[in-house]
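Quantities reported herein were computed from a predicted structural model and do not represent experimental measurements.
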Amino acid sequence: MNPAEAYILNKPEPFRTMLLILQLHIEQTLPDFDLKYKWKLPIYYSEECPICYLNVTKGYVDVCFWARTKFNVHLEVLISEKRKFVKSLRYYTLEDIDEEILIECLKEAYRTKTKGFTAG
């Protein structure tokens, strides 16, 4: 098992289930992906470009996207919280996951992908 998968499976409930559901949506939405482990977090890449990463912290799960200048969907629900280059969808419960918004953000992240981790 790779470290990214271990990160997901070793989280306590309800976070493990939330991460598995998010993983399923991410892997069904992205046309191609590579799940890697960097900065002690699971990060999805496509064509060597970072798409998003998953983070469990402080009682919630974040699906984090690099806030590229061309990323223009659901800005009203994405949380930046003092982060210059990252915006995230935040989920406290499984019921919080809005599949439509998640999928649209994933497609936008894929559409606007660039190499590197800064806004571009």
Taking only residues two or more places apart in sequence or in another chain, which ones pass salt bridge (Lys or Arg N to Asp or Glu O under 4.0 Å) with [X]?
X: Glu76; answer: none
X: Glu81; answer: Arg90
X: Glu5; answer: none

Contacts under 3.5 angstrom, residues 29-36 side chains, donor-acceptor by atom type, not counting sequence neighbours:
residue: Thr29; atom: OG1; partner: His25; partner atom: O; Å: 2.7
residue: Asp32; atom: OD1; partner: Ser46; partner atom: OG; Å: 2.5
residue: Asp32; atom: OD2; partner: Tyr110; partner atom: OH; Å: 3.1

Just how far is it from atom [atom1] of [X] to atom [atom2] of [Y], taken to the nearest 0.5 Å?
X: Glu95; Y: Met18; atom1: CD; atom2: CE; value: 8.5 Å
X: Ile101; Y: His74; atom1: CD1; atom2: NE2; value: 5.0 Å
X: Ile26; Y: Gln23; atom1: CD1; atom2: CD; value: 7.5 Å
X: Ile97; Y: Leu22; atom1: CD1; atom2: CG; value: 4.0 Å
X: Asn55; Y: Ser88; atom1: CG; atom2: OG; value: 8.5 Å

Would [X] and [Y] show up in the same hydrophobic cluster when neighbours are defined by side-chain heavy atoms closer than 4.5 Å?
X: Leu106; Y: Leu24; result: no
X: Phe65; Y: Ile103; result: no
X: Ile79; Y: Val77; result: no
X: Tyr53; Y: Trp39; result: yes
X: Ile51; Y: Leu75; result: yes

Under the side-chain contact (heavy atoms from CB on, under 4.5 Å) test, residues paired with Val56 that sit two or more places apart: Tyr7, Lys11, Phe15, Leu19, Val61
Listed partners of Glu100 passing side-chain contact (heavy atoms from CB on, under 4.5 Å), at least two apart: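 Listed in chain order: Asp98, Glu104.
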Note, Leu9 side chain near Leu20 side chain (heavy atom, < 4.5 Å):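 Yes, their side chains come closer than 4.5 Å.
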Any side-chain heavy-atom pair of Leu78 and Leu89 under 4.5 Å: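 A side-chain contact under 4.5 Å exists here.
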Linked hydrophobic residues, Tyr60 as query - side chain contacts closer than 4.5 Å: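 Its cluster partners, ordered by chain and number, are Tyr92.
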Glu13 vs Thr17, side-chain hydrogen bond (donor to acceptor under 3.5 Å, both in side chains): CA-CA, chis, key distance, verdict: CA-CA 6 Å; Glu13 290 297 346; Thr17 298; 2.6 Å; yes
Closest non-hydrogen atom pair between Pro42 and Tyr37, with its separation: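 Taking every non-hydrogen atom into account, N-CD1, 4.1 Å.
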Which atom of Lys38 lies closest to which atom of Ile43, heavy atoms considered: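 Lys38 and Ile43 have their closest heavy atoms at CB-CD1, 3.6 Å.
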Set of side chain to side chain donor-acceptor pair (under 3.5 Å) partners for Tyr44, sequence neighbours left out: Glu27
By side chain to side chain donor-acceptor pair (under 3.5 Å) - contacts of Asn10 (at least two apart): none
Evaluation steps, side-chain contact (heavy atoms from CB on, under 4.5 Å), between Val63 and Tyr91: CA-CA 8 Å; Val63 178; Tyr91 306 114; 3.9 Å; yes
Under 3.5 Å: donor-acceptor pair, side chain of Asn2, backbone of Ala4: yes
Inter- and intrachain pairs under salt bridge (Lys or Arg N to Asp or Glu O under 4.0 Å), touching residues 48-58, at least two apart: Glu48-Lys115
